[in-house]
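Below is one structure, written out as C-alpha coordinates; the observations come after it.
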Amino acid sequence: MRIFLNDDMHEVAPGTLAAALETLGFGGRKIATAVNGRFVAAAARPRTELADGDRIEVVAPMQGG
Amino acid sequence: MSSFYGVELTSRLLLGTSRYPSPAVLERAVKASGAEVVTVSLRRESGTGRAGQAFWSLIQSMGVRVLPNTAGCHSVKEAVTTAHMARELFDTPWIKLEVIGEADTLQPDVFGLVEAARILSEEGFEVFPYTTEDLVVAERLVEAGCRVLMPWGAPIGSARGLNNVYGLRSMRAHFPDVPLVVDAGLGVPSHAAAAMELGYDAVLLNTAVAEAGDPVEMARAFALGVESGRAAYLARPMEPRDMAVPSTPVIGKAVLGD
(Lines give C-alpha, C1' and ligand atoms only; values in the text may rest on other atoms or scores of the structure.)
Protein backbone atom coordinates (compact mmCIF):
# COMPACT_ATOMS: atom_id res chain seq x y z
CA MET A 1 0.00 0.00 0.00
CA ARG A 2 1.01 3.62 -0.42
CA ILE A 3 1.76 5.86 2.53
CA PHE A 4 3.15 9.36 2.70
CA LEU A 5 5.96 9.91 5.20
CA ASN A 6 6.88 13.58 5.62
CA ASP A 7 5.17 14.11 2.25
CA ASP A 8 7.27 11.48 0.40
CA MET A 9 5.37 8.51 -1.00
CA HIS A 10 6.47 5.00 -0.02
CA GLU A 11 5.19 1.54 -0.87
CA VAL A 12 5.03 -0.61 2.25
CA ALA A 13 3.39 -3.91 3.16
CA PRO A 14 0.09 -3.56 5.04
CA GLY A 15 0.80 -3.44 8.75
CA THR A 16 1.44 -1.23 11.71
CA LEU A 17 3.12 2.13 12.07
CA ALA A 18 5.95 0.45 14.00
CA ALA A 19 6.55 -1.99 11.14
CA ALA A 20 6.54 0.77 8.51
CA LEU A 21 9.01 2.85 10.54
CA GLU A 22 11.32 -0.13 10.89
CA THR A 23 11.16 -0.79 7.13
CA LEU A 24 11.92 2.85 6.33
CA GLY A 25 15.04 3.06 8.50
CA PHE A 26 13.70 4.60 11.71
CA GLY A 27 14.26 1.58 13.96
CA GLY A 28 15.74 2.55 17.33
CA ARG A 29 15.74 6.24 16.49
CA LYS A 30 14.73 9.10 18.77
CA ILE A 31 11.64 10.27 16.93
CA ALA A 32 8.04 11.27 17.54
CA THR A 33 5.17 10.45 15.21
CA ALA A 34 1.76 11.58 14.07
CA VAL A 35 -0.64 9.91 11.64
CA ASN A 36 -3.06 12.08 9.70
CA GLY A 37 -2.35 14.99 12.04
CA ARG A 38 -2.89 13.03 15.26
CA PHE A 39 -0.07 12.30 17.68
CA VAL A 40 0.76 8.59 18.02
CA ALA A 41 2.83 7.77 21.10
CA ALA A 42 5.75 5.39 20.74
CA ALA A 43 3.96 2.82 22.86
CA ALA A 44 0.98 2.90 20.50
CA ARG A 45 2.92 2.43 17.26
CA PRO A 46 2.88 -1.42 17.35
CA ARG A 47 -0.92 -1.43 17.56
CA THR A 48 -1.55 1.42 15.10
CA GLU A 49 -2.62 -0.16 11.81
CA LEU A 50 -1.93 1.97 8.76
CA ALA A 51 -4.34 2.40 5.88
CA ASP A 52 -3.63 3.15 2.24
CA GLY A 53 -2.97 6.87 1.78
CA ASP A 54 -2.14 7.58 5.43
CA ARG A 55 0.01 10.63 6.03
CA ILE A 56 2.74 10.08 8.62
CA GLU A 57 4.86 12.76 10.22
CA VAL A 58 8.18 11.75 11.73
CA VAL A 59 10.10 14.38 13.68
CA ALA A 60 13.39 14.41 15.55
CA PRO A 61 15.10 16.84 17.95
CA MET A 62 16.25 20.01 16.24
CA GLN A 63 17.75 23.37 17.12
CA GLY A 64 15.18 25.91 18.28
CA GLY A 65 14.83 29.40 19.73
CA MET B 1 17.02 32.07 42.19
CA SER B 2 14.17 32.05 39.75
CA SER B 3 11.54 29.35 39.85
CA PHE B 4 9.53 27.97 36.95
CA TYR B 5 6.91 25.36 37.79
CA GLY B 6 8.81 24.48 40.93
CA VAL B 7 12.20 24.20 39.24
CA GLU B 8 14.76 26.50 40.83
CA LEU B 9 17.31 28.05 38.50
CA THR B 10 20.38 30.07 39.31
CA SER B 11 20.82 31.56 35.86
CA ARG B 12 18.23 34.04 34.63
CA LEU B 13 19.22 33.64 31.00
CA LEU B 14 17.48 31.07 28.84
CA LEU B 15 19.23 30.49 25.54
CA GLY B 16 18.08 29.24 22.15
CA THR B 17 20.10 26.68 20.23
CA SER B 18 19.39 27.75 16.66
CA ARG B 19 21.42 29.57 13.98
CA TYR B 20 24.90 29.07 15.45
CA PRO B 21 27.82 28.75 13.01
CA SER B 22 28.56 25.23 14.26
CA PRO B 23 27.64 22.77 17.01
CA ALA B 24 30.99 23.49 18.68
CA VAL B 25 30.23 27.21 18.85
CA LEU B 26 26.76 26.45 20.21
CA GLU B 27 28.25 24.33 22.96
CA ARG B 28 30.77 26.99 23.95
CA ALA B 29 28.15 29.74 23.82
CA VAL B 30 25.80 27.84 26.13
CA LYS B 31 28.65 27.33 28.55
CA ALA B 32 29.70 30.99 28.39
CA SER B 33 26.13 32.16 28.96
CA GLY B 34 25.74 30.09 32.12
CA ALA B 35 22.26 29.12 30.90
CA GLU B 36 20.71 26.14 32.65
CA VAL B 37 17.80 25.97 30.20
CA VAL B 38 18.04 25.88 26.41
CA THR B 39 15.21 25.92 23.94
CA VAL B 40 14.93 23.18 21.36
CA SER B 41 12.50 22.22 18.65
CA LEU B 42 11.55 19.31 16.45
CA ARG B 43 11.56 18.95 12.72
CA ARG B 44 11.03 16.29 10.11
CA GLU B 45 13.81 13.78 9.68
CA SER B 46 14.27 11.14 6.99
CA GLY B 47 15.12 7.51 7.53
CA THR B 48 18.69 8.16 6.43
CA GLY B 49 19.23 11.53 8.15
CA ARG B 50 21.05 11.68 11.47
CA ALA B 51 21.11 15.43 12.19
CA GLY B 52 18.47 15.23 14.88
CA GLN B 53 20.14 12.38 16.70
CA ALA B 54 23.52 14.14 16.64
CA PHE B 55 21.97 17.37 17.95
CA TRP B 56 20.26 15.52 20.77
CA SER B 57 23.51 13.84 21.79
CA LEU B 58 25.17 17.26 21.95
CA ILE B 59 22.40 18.73 24.12
CA GLN B 60 22.51 15.79 26.48
CA SER B 61 26.25 16.12 26.87
CA MET B 62 25.82 19.72 28.06
CA GLY B 63 23.78 18.72 31.10
CA VAL B 64 21.19 21.46 30.62
CA ARG B 65 17.42 21.34 30.95
CA VAL B 66 15.47 21.67 27.69
CA LEU B 67 12.45 23.81 26.92
CA PRO B 68 10.92 22.51 23.67
CA ASN B 69 9.01 24.98 21.53
CA THR B 70 6.15 24.83 19.06
CA ALA B 71 7.85 27.27 16.69
CA GLY B 72 6.28 27.59 13.29
CA CYS B 73 2.83 26.46 14.40
CA HIS B 74 0.02 28.63 13.09
CA SER B 75 -2.98 26.78 14.49
CA VAL B 76 -4.11 25.40 17.83
CA LYS B 77 -4.25 21.87 16.44
CA GLU B 78 -0.71 22.07 15.06
CA ALA B 79 0.64 23.50 18.33
CA VAL B 80 -1.11 20.93 20.50
CA THR B 81 0.04 18.00 18.36
CA THR B 82 3.58 19.39 18.27
CA ALA B 83 3.54 19.76 22.05
CA HIS B 84 2.58 16.12 22.44
CA MET B 85 5.39 15.03 20.16
CA ALA B 86 7.82 17.26 22.05
CA ARG B 87 6.77 15.90 25.43
CA GLU B 88 7.49 12.37 24.33
CA LEU B 89 10.67 13.21 22.47
CA PHE B 90 12.26 15.34 25.17
CA ASP B 91 10.63 13.69 28.18
CA THR B 92 9.51 16.95 29.79
CA PRO B 93 6.14 18.55 30.56
CA TRP B 94 7.61 21.97 29.75
CA ILE B 95 6.53 23.53 26.49
CA LYS B 96 7.28 26.96 25.08
CA LEU B 97 3.96 27.53 23.39
CA GLU B 98 4.03 29.54 20.19
CA VAL B 99 0.97 30.01 18.02
CA ILE B 100 2.02 32.41 15.32
CA GLY B 101 -0.60 34.76 13.95
CA GLU B 102 1.23 37.00 11.53
CA ALA B 103 4.03 36.09 9.16
CA ASP B 104 5.93 39.40 8.99
CA THR B 105 6.13 40.10 12.71
CA LEU B 106 5.71 36.52 13.96
CA GLN B 107 3.27 38.11 16.37
CA PRO B 108 1.48 35.56 18.55
CA ASP B 109 -2.11 34.65 17.69
CA VAL B 110 -3.21 35.36 21.23
CA PHE B 111 -6.67 33.86 20.74
CA GLY B 112 -5.23 30.55 19.57
CA LEU B 113 -2.54 30.81 22.24
CA VAL B 114 -5.07 30.97 25.08
CA GLU B 115 -7.04 28.07 23.62
CA ALA B 116 -3.95 25.91 23.15
CA ALA B 117 -2.65 26.84 26.61
CA ARG B 118 -5.92 25.71 28.19
CA ILE B 119 -5.90 22.38 26.34
CA LEU B 120 -2.27 21.68 27.17
CA SER B 121 -2.51 22.76 30.82
CA GLU B 122 -5.47 20.42 31.29
CA GLU B 123 -3.37 17.64 29.77
CA GLY B 124 -0.61 18.13 32.31
CA PHE B 125 1.77 20.33 30.35
CA GLU B 126 3.64 23.17 32.04
CA VAL B 127 3.15 25.93 29.55
CA PHE B 128 5.52 28.84 28.86
CA PRO B 129 3.39 30.98 26.52
CA TYR B 130 5.07 33.29 24.04
CA THR B 131 2.70 36.23 24.23
CA THR B 132 2.44 39.99 23.98
CA GLU B 133 2.37 42.47 26.87
CA ASP B 134 -1.45 42.65 26.67
CA LEU B 135 -2.70 42.36 30.26
CA VAL B 136 -6.10 40.93 29.33
CA VAL B 137 -4.51 38.16 27.29
CA ALA B 138 -2.09 37.54 30.14
CA GLU B 139 -4.99 37.20 32.59
CA ARG B 140 -6.62 34.66 30.26
CA LEU B 141 -3.39 32.71 30.06
CA VAL B 142 -3.11 32.57 33.84
CA GLU B 143 -6.76 31.46 34.04
CA ALA B 144 -5.94 28.79 31.45
CA GLY B 145 -3.30 27.37 33.77
CA CYS B 146 -0.07 29.12 32.80
CA ARG B 147 2.26 29.72 35.77
CA VAL B 148 4.83 31.59 33.67
CA LEU B 149 4.28 34.37 31.12
CA MET B 150 6.70 35.23 28.35
CA PRO B 151 5.89 38.57 26.67
CA TRP B 152 7.88 39.60 23.65
CA GLY B 153 10.40 42.42 23.82
CA ALA B 154 10.16 42.93 20.06
CA PRO B 155 9.50 40.66 17.06
CA ILE B 156 11.54 37.44 17.03
CA GLY B 157 15.01 37.94 15.60
CA SER B 158 14.59 41.71 15.21
CA ALA B 159 17.20 42.82 17.78
CA ARG B 160 15.09 45.90 18.54
CA GLY B 161 15.08 45.50 22.31
CA LEU B 162 12.10 46.46 24.46
CA ASN B 163 9.53 48.03 22.14
CA ASN B 164 7.01 48.78 24.87
CA VAL B 165 8.72 49.47 28.17
CA TYR B 166 5.54 50.93 29.61
CA GLY B 167 3.59 47.77 28.74
CA LEU B 168 6.23 45.49 30.18
CA ARG B 169 6.44 47.56 33.37
CA SER B 170 2.65 47.41 33.70
CA MET B 171 2.76 43.66 33.29
CA ARG B 172 5.33 43.33 36.06
CA ALA B 173 3.19 45.47 38.36
CA HIS B 174 0.03 43.57 37.46
CA PHE B 175 1.51 40.10 38.02
CA PRO B 176 3.88 40.49 40.98
CA ASP B 177 3.82 36.77 41.74
CA VAL B 178 3.92 35.23 38.26
CA PRO B 179 7.39 34.50 36.86
CA LEU B 180 7.83 36.77 33.84
CA VAL B 181 10.35 36.24 31.05
CA VAL B 182 11.04 38.67 28.23
CA ASP B 183 11.21 36.41 25.22
CA ALA B 184 12.36 37.53 21.80
CA GLY B 185 13.59 40.68 20.14
CA LEU B 186 16.66 41.37 22.26
CA GLY B 187 19.76 42.46 20.37
CA VAL B 188 22.41 43.56 22.84
CA PRO B 189 23.12 42.97 26.53
CA SER B 190 21.78 46.41 27.51
CA HIS B 191 18.35 45.24 26.29
CA ALA B 192 18.57 42.26 28.62
CA ALA B 193 19.74 44.47 31.46
CA ALA B 194 16.81 46.82 30.86
CA ALA B 195 14.36 43.91 31.08
CA MET B 196 15.92 42.74 34.31
CA GLU B 197 15.89 46.29 35.74
CA LEU B 198 12.10 46.23 35.25
CA GLY B 199 12.00 43.28 37.63
CA TYR B 200 11.58 40.54 35.07
CA ASP B 201 12.61 37.14 36.32
CA ALA B 202 14.59 36.14 33.25
CA VAL B 203 15.16 36.71 29.55
CA LEU B 204 15.09 34.26 26.69
CA LEU B 205 17.12 34.97 23.58
CA ASN B 206 18.74 33.21 20.68
CA THR B 207 19.57 35.16 17.54
CA ALA B 208 21.40 38.00 19.32
CA VAL B 209 23.98 35.48 20.49
CA ALA B 210 23.95 33.05 17.59
CA GLU B 211 24.36 35.71 14.90
CA ALA B 212 26.88 37.89 16.73
CA GLY B 213 30.33 38.10 15.19
CA ASP B 214 31.62 36.18 18.20
CA PRO B 215 28.71 34.21 19.66
CA VAL B 216 30.70 32.90 22.63
CA GLU B 217 31.81 36.35 23.73
CA MET B 218 28.29 37.70 23.18
CA ALA B 219 26.88 34.92 25.32
CA ARG B 220 29.22 35.97 28.11
CA ALA B 221 28.24 39.62 27.60
CA PHE B 222 24.54 38.76 27.89
CA ALA B 223 25.19 36.83 31.08
CA LEU B 224 26.83 39.94 32.53
CA GLY B 225 23.97 42.14 31.30
CA VAL B 226 21.38 39.91 32.96
CA GLU B 227 23.33 39.75 36.19
CA SER B 228 23.86 43.50 36.18
CA GLY B 229 20.21 44.28 35.48
CA ARG B 230 19.01 41.94 38.20
CA ALA B 231 21.41 43.42 40.75
CA ALA B 232 20.24 46.91 39.81
CA TYR B 233 16.59 45.92 40.26
CA LEU B 234 17.32 44.52 43.71
CA ALA B 235 19.26 47.68 44.59
CA ARG B 236 16.10 49.77 43.88
CA PRO B 237 17.08 52.43 41.31
CA MET B 238 16.38 56.10 42.05
CA GLU B 239 13.44 57.73 40.30
CA PRO B 240 14.17 59.91 37.24
CA ARG B 241 13.40 63.64 37.62
CA ASP B 242 13.12 66.52 35.22
CA MET B 243 15.54 69.02 36.75
CA ALA B 244 19.20 68.76 37.61
CA VAL B 245 20.27 68.27 41.21
CA PRO B 246 23.93 68.90 41.91
CA SER B 247 25.67 65.83 43.16
CA THR B 248 28.43 67.88 44.71
CA PRO B 249 27.28 69.87 47.77
CA VAL B 250 26.99 73.63 47.15
CA ILE B 251 27.36 74.54 50.82
CA GLY B 252 30.91 75.56 51.64
CA LYS B 253 31.86 76.32 48.06
CA ALA B 254 34.48 79.11 47.84
CA VAL B 255 33.07 82.46 46.73
CA LEU B 256 35.35 83.59 43.94
CA GLY B 257 33.20 85.69 41.65
CA ASP B 258 31.98 89.27 41.90
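Proteins get letters first, then strands, A, B, ... in listed order; numbering begins at 1 in each.
For residues 57-92 of chain B, heavy-atom neighbours of chain A at less than 4.5 Å comprise B:Asn69, B:Lys77, B:Thr81, B:His84, B:Met85, B:Glu88, B:Leu89, B:Phe90, sorted by residue number. For residues 1-22 of chain A, heavy-atom neighbours of chain B at less than 4.5 Å comprise A:Asn6, A:Asp7, sorted by residue number. Of all residues spanning residues 102-132 of chain B, none has a heavy atom less than 4.5 Å away from chain A's heavy atoms. For residues 16-32 of chain B, the interface with chain A (any heavy-atom pair closer than 4.5 Å) comprises B:Gly16, B:Thr17, B:Ser18, sorted by residue number.
Contact annotation for B:Ser46: only backbone heavy atoms (N, CA, C, O) come within less than 4.5 Å of a heavy atom of chain A.
For the options B:Leu42, B:Thr48, B:Asn206, heavy-atom pairs under 4.5 Å to chain A are most numerous at B:Leu42.
Counting only distance, with no hydrogens or angles, the side chain of B:Ser41 and the backbone of A:Met62 share no donor-acceptor pair below 3.5 Å. Between the side chain of A:Lys30 and the backbone N or O of B:Gly52, no donor-acceptor pair lies under 3.5 Å.
Nearest heavy-atom pair across A:Pro61 and B:Phe55 is C-CD2, 3.9 Å. In terms of heavy-atom proximity, A:Ala60 sits nearest to B:Gln53 at CB-NE2, 3.8 Å.
Note: A:Ile56 CD1 to B:Arg44 CZ = 11.5 Å, rounded to the nearest 0.5 Å.
Environment of CZ in B:Arg50: crowded, with over 12 heavy atoms of neighbouring residues, nucleotides or ligands closer than 6.0 Å. For A:Arg45, the CZ atom counts as densely surrounded, since its 6.0 Å shell holds more than 12 non-hydrogen atoms of other residues, nucleotides or ligands. Atom CZ of A:Arg55 has more than 12 neighbouring heavy atoms from other residues, nucleotides or ligands inside a 6.0 Å radius.
Counting only heavy atoms from C-beta outward, the side chains of B:Arg43 and A:Gln63 never approach each other to under 4.5 Å.
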